[in-house]
Structure formats: structure tokens, C-alpha cells
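Below is one structure, written out as C-alpha cells; the observations come after it.
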Amino acid sequence: MEPEKLSSGSRGKPIRCRAAVSRKPGEPLVLEEIIVAPPMPHEVRIQIICTSLCHSDIIFWKMKDFPGIFPRILGHEAIGIVESVGEDVNEVTEGDTVIPTFMSQCGECADCRSTKSNLCTKLPFKVSPFMPRYETSRFTDLNGEVLYHFLFVSSFTEYTVVDIAHVTKIDPAVTPSRACLLGCGISTGVGAAWRTANVEKGSTVAIFGLGSIGLAVAEGARLCGATRIIGVDVNQQKFEIGKKFGLTDFVDPANCENKSVSQVIIEMTGGGADYCFECVGLASLVQEAYACCRKGWGKTVVLGVDKPASQVSLPSREILHSGKTLMGSLFGGLKPKSDIPLLLNRYMDKELQLDEFVTHEVRFEDINKAFDLLIEGQCLRCVISMCNE
């Protein structure tokens, strides 16, 4: 069967399109033509409008050992149009605007039916190189070699295939270059403050790491009415940036004299922050965040992705005596299909800030420039447009 070059009349047939393929760890992505198979039952084939680059893409692009695997199509923050659907797909139809997400929401399991969890049991989160239901790929190169998936999204391609449990239908009126940000990082940060921690009005928040996710936590805390939002980062320029998102105070670990960061924050707050967020992915920072969390009711939320073998060590006496909570948060505790539309409504109502996170925009042909910008620390989010205009 000869693959279609364009989507017109392509339903049920393979599509030939461009993709930025990661062929070797840490090497520039290769822009090449690939074949995208039709969707299987419960799957959707999506034409990507634009996508943004997340630090998780960088981590797996550099990773030499499994779950790093090559050749792979990275990318997991995106927005697109449904080109075709497989059997048993009723939620969306051709032409719908959608956001694919690494988190699933089947709507059927105990977790999806509960308000207490966003961790779908039927299609649990894992770093798999395949589609979730079939453990197979929908991508091949022109030589017939399998190209692996990434986080069930793989958005660095003009067309991708995503399981319907990972697809959220949205209002097509929302600006695509802003809506795509809610596919991962911004949702994770805002959701962690809003859904996971349930930050209360008038509370004090400490955020360790002021990258996009940390700043999104600040934005979420601001929306929740926190009165004091303390940022911790080694880059002092992040304080000025963070003020846009509600940051009120800044701690540079290099300027704490002989005190630990946790000691400084305890003194600043008169006993510790009500809510602490670790957004870097370092066990030592999880310990610092927990240490400066207020006794009795303090919550520490872990968002950063650490090395697989890393362990957090906490004194058992402190756990018993302090009454604090330590918890993790995947995708900010959000249920994608129900919460992403709510966040988009808040953006449309000029409550939630998204524009301020987009510092750069590049064409698909220049996707490697986006990697350079993020690695060099020059951007928060770089949006990659798939069209040639």
C-alpha cells in the first residue's frame, strides 16, 4: 500500500509525513520522512499544529540506557487536529481540536471514577516505547525500521497516533501556541498547587527550582490566593521572572552564609512554609523542602524527576513528631479530560497566565535550536510550529 503524502482521503491508510527523529543519544534530531500507520481500535491519528519542548524531552534525548531507546520520536506537549479515528472511539471525531497527554483517563477504573486520584489503573503511567494497549509502534522510517514512541504522545512529527484515553478535546478558539503548554509542564505546576496541595488563601509557599514547572507552581499558588510565595534557585535572574507569576521572596542557596536553605526559610516564615514544592529532581532538595515545611500541617509535594535509583532519607523521629505530609504529584494531580478544559477557560478569562511562559517560537525545521535554547537556560517554553508559514 503506497502511503498518502497528505491527509486528504487518508482514512485507514498509512500517511507519509515529516518527523524529527532522535536517532542517537544527545545528537541533533534528524528531520526525515516517516510512515505513520492508521489508528487501531481505541486510537486517534492526530495532525500536530504545534508542540513545545519540555525538560523531560531533554532527559530522555540524552539517556543512553533503557528507558532511553532509539530511534525515537520525542515530544509530549502539543495540540492538534483529529485526522482519523480507530474503531470504538466515540469521544472525538475528525476535525476536533485536541491535546494529547502522557497521563491517561480511561473513565472506567476506580481511580478515574474517584476524586482522590488521577492515576489511571487500566492504562497506568510508564515510560514505554510503544502504544499502551498493544505494545506496538505506529511509526516506521522509509526503510521499514520501527521508530519508538515517547510518553504515549510523540509530538515531534506532523502526524502521530495516540490512545483515546490520552486525548482531551478542547475549544478550537484557544490559541494553539498557548494551549499546547497544558499538555505537561504548566498543568503539572499549576495543578500541584491547585489540586495536589490544595493551597489555601493567605498561606505561605516555598518552591525549590524556578524552571517552567516551578514558575507554574507559583502561578497556581497565586491563583489559589497564597500571600507569600518564596522561590529558591541558584539563578538570581529567576526572581525578576518569577515576580510575573506571584513570587514575593527569593532565596539563593549561595547567599545563605552558614545556614541551610531550610533554616533561612524557617526564619523567614516564623516556623516554616505551609506548602513546599520540589521542582528540580534531587533527593537532597526533597529533604530540604521537607525540613522547612511547617510542623503540624505542612505539605511537601515532589514534582522533580530524579535518577531512577535515587532515594530520599528522612529521620523517622521527625516523621513521627512533626505531623508533616510528603507526597508526589504526577501531572499535578489533574485529570486531563476534565481539568485541562477548566484551565483553558481560566486562560480565556484572563485569570491563568500562559503567554508569559512562551519566550521563544521556532519553525519545525529549526527544532534543534529549541533544544539549544532550553539546554542553555535561555528559555522557559519554546513553541515549535509545524506549518511552513
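Position 1 is the first residue of the sequence; numbering continues from there. Note that the structure is a prediction, hence the values are computed from the model and not measured. Heavy atoms only: backbone and side chains are in, while hydrogens, waters and symmetry mates are out.
The CG atom of L344 sits 5.0 Å away from atom CD1 of I170, with the distance rounded to the nearest 0.5 Å. Between the CD1 atom in I375 and the CG atom in N368 there is a gap of 9.5 Å [rounded to 0.5 Å]. The OG1 atom of T196 lies 7.5 Å from the CG atom of L303; values are rounded to the nearest 0.5 Å. How far CG of L74 is from CD1 of I58: 9.0 Å, rounded to the nearest 0.5 Å. Note that OG of S22 is 9.5 Å distant from CZ of F156, once rounded to the nearest 0.5 Å. Rounding to the nearest 0.5 Å gives a distance of 5.5 Å between CG of N255 and CD of Q236.
Closest approach of G246 to I229, counting heavy atoms only: O-CD1, 3.5 Å.
With a 4.5 Å cut-off on side-chain heavy atoms, H166 and V153 do not count as touching. Using a 4.5 Å cut-off on side-chain heavy atoms (C-beta onward), V127 and L151 make contact. Annotation: side chain of D274 is in contact with side chain of W297 (closest heavy-atom distance under 4.5 Å). Side-chain contact between F364 and M386 is present, with heavy atoms from C-beta onward closer than 4.5 Å. Contact of the I230 side chain with the T269 side chain is registered, since non-hydrogen atoms from C-beta on lie closer than 4.5 Å. No side-chain heavy atom of C382 sits less than 4.5 Å from a side-chain heavy atom of L374. Using a 4.5 Å heavy-atom threshold, the side chains of P39 and V44 count as separate. Counting heavy atoms from C-beta on, the side chains of L210 and F245 never come closer than 4.5 Å.
For Q47 and E83, the side-chain atoms include no donor-acceptor pair closer than 3.5 Å. Checking S260 against S262 by side-chain atom types alone, a donor-acceptor pair falls below 3.5 Å. Under the 3.5 Å distance criterion, with hydrogens and angles disregarded, no donor-acceptor pair is assigned to the side chains of R138 and T140.
Aromatic rings of F277 and F208 (six-membered ring for Trp) have centroids beyond the 6.0 Å cut-off, not under it.
A side chain to side chain donor-acceptor pair (under 3.5 Å) with E77 is found for exactly one of S56, S187, S52, S212, namely S52. Just one residue in the list R381, R178, K350, K244 forms a salt bridge (charged side-chain N to carboxylate O under 4.0 Å, His left out) with D355, and that residue is R178.
Residues E365 and R18 are paired through a salt bridge, judged by an N-O separation under 4.0 Å between the basic side chain and the carboxylate. With respect to E219 and R346, no salt bridge is recorded, no charged nitrogen being found less than 4.0 Å from a carboxylate O.
Between the side chain of S322 and the backbone N or O of E318 there is at least one donor-acceptor pair closer than 3.5 Å. Listed for the S104 side chain is a donor-acceptor partner under 3.5 Å among the backbone atoms of L123. Within the 3.5 Å criterion, the main-chain N or O of G281 finds no donor-acceptor partner in the side chain of K307. In terms of modelled atom types and a separation under 3.5 Å, the side chain of E32 and the main chain of D141 share no donor-acceptor contact. A donor-acceptor pair under 3.5 Å is formed between the side chain of K299 and the backbone N or O of A197. The backbone N or O of C17 sits nowhere less than 3.5 Å from a side-chain atom of E158 that would complete a donor-acceptor pair. Not a single donor-acceptor pair under 3.5 Å links the side chain of E351 to the backbone N or O of L223. With D306 contributing its side chain and A283 its backbone, the two residues share a donor-acceptor pair below 3.5 Å. Under a 3.5 Å cut-off, the side chain of S137 and the backbone N or O of Y148 do not form any donor-acceptor pair. Judged purely by atom type and a 3.5 angstrom limit, Q237 has no side-chain atom pairing as donor or acceptor with the backbone of I241.
Linking Ile, Leu, Val, Met, Phe, Trp and Tyr residues whenever their side-chain heavy atoms come within less than 4.5 Å places M348 and L181 in a single cluster.
Aromatic ring orientation, F250 versus F239: parallel (interplanar angle below 30°, classes split at 30° and 60°).
Under a cut-off of 6.0 angstrom, the local environment of CD in E87 is sparse, with at most 12 non-hydrogen atoms contributed by other residues, nucleotides or ligands. Enclosure of atom CD in E200 is not indicated, since only 12 or fewer non-hydrogen atoms of other residues, nucleotides or ligands lie within 6.0 angstrom. Remark: D65 CG is loosely packed, at most 12 non-hydrogen atoms of other residues, nucleotides or ligands lying under 6.0 Å away.
Geometric assessment of K324 against the ring of Y290 yields a positive cation-pi assignment under the 6.0 Å and 45° thresholds.
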Exercise for the section: Decide side chain to side chain contact (heavy atoms under 4.5 Å, CB included) for C54 and H76; before the verdict, give the C-alpha distance in whole Å, the side-chain angles of both, and the deciding distance to 0.1 Å. Expected result: CA-CA 8 Å; C54 174; H76 63 287; 3.5 Å; yes
Exercise for the section: May I have the step-by-step check of side chain to side chain contact (heavy atoms under 4.5 Å, CB included) for C120 and D111, ending in yes or no? Expected result: CA-CA 6 Å; C120 178; D111 286 84; 5.7 Å; no
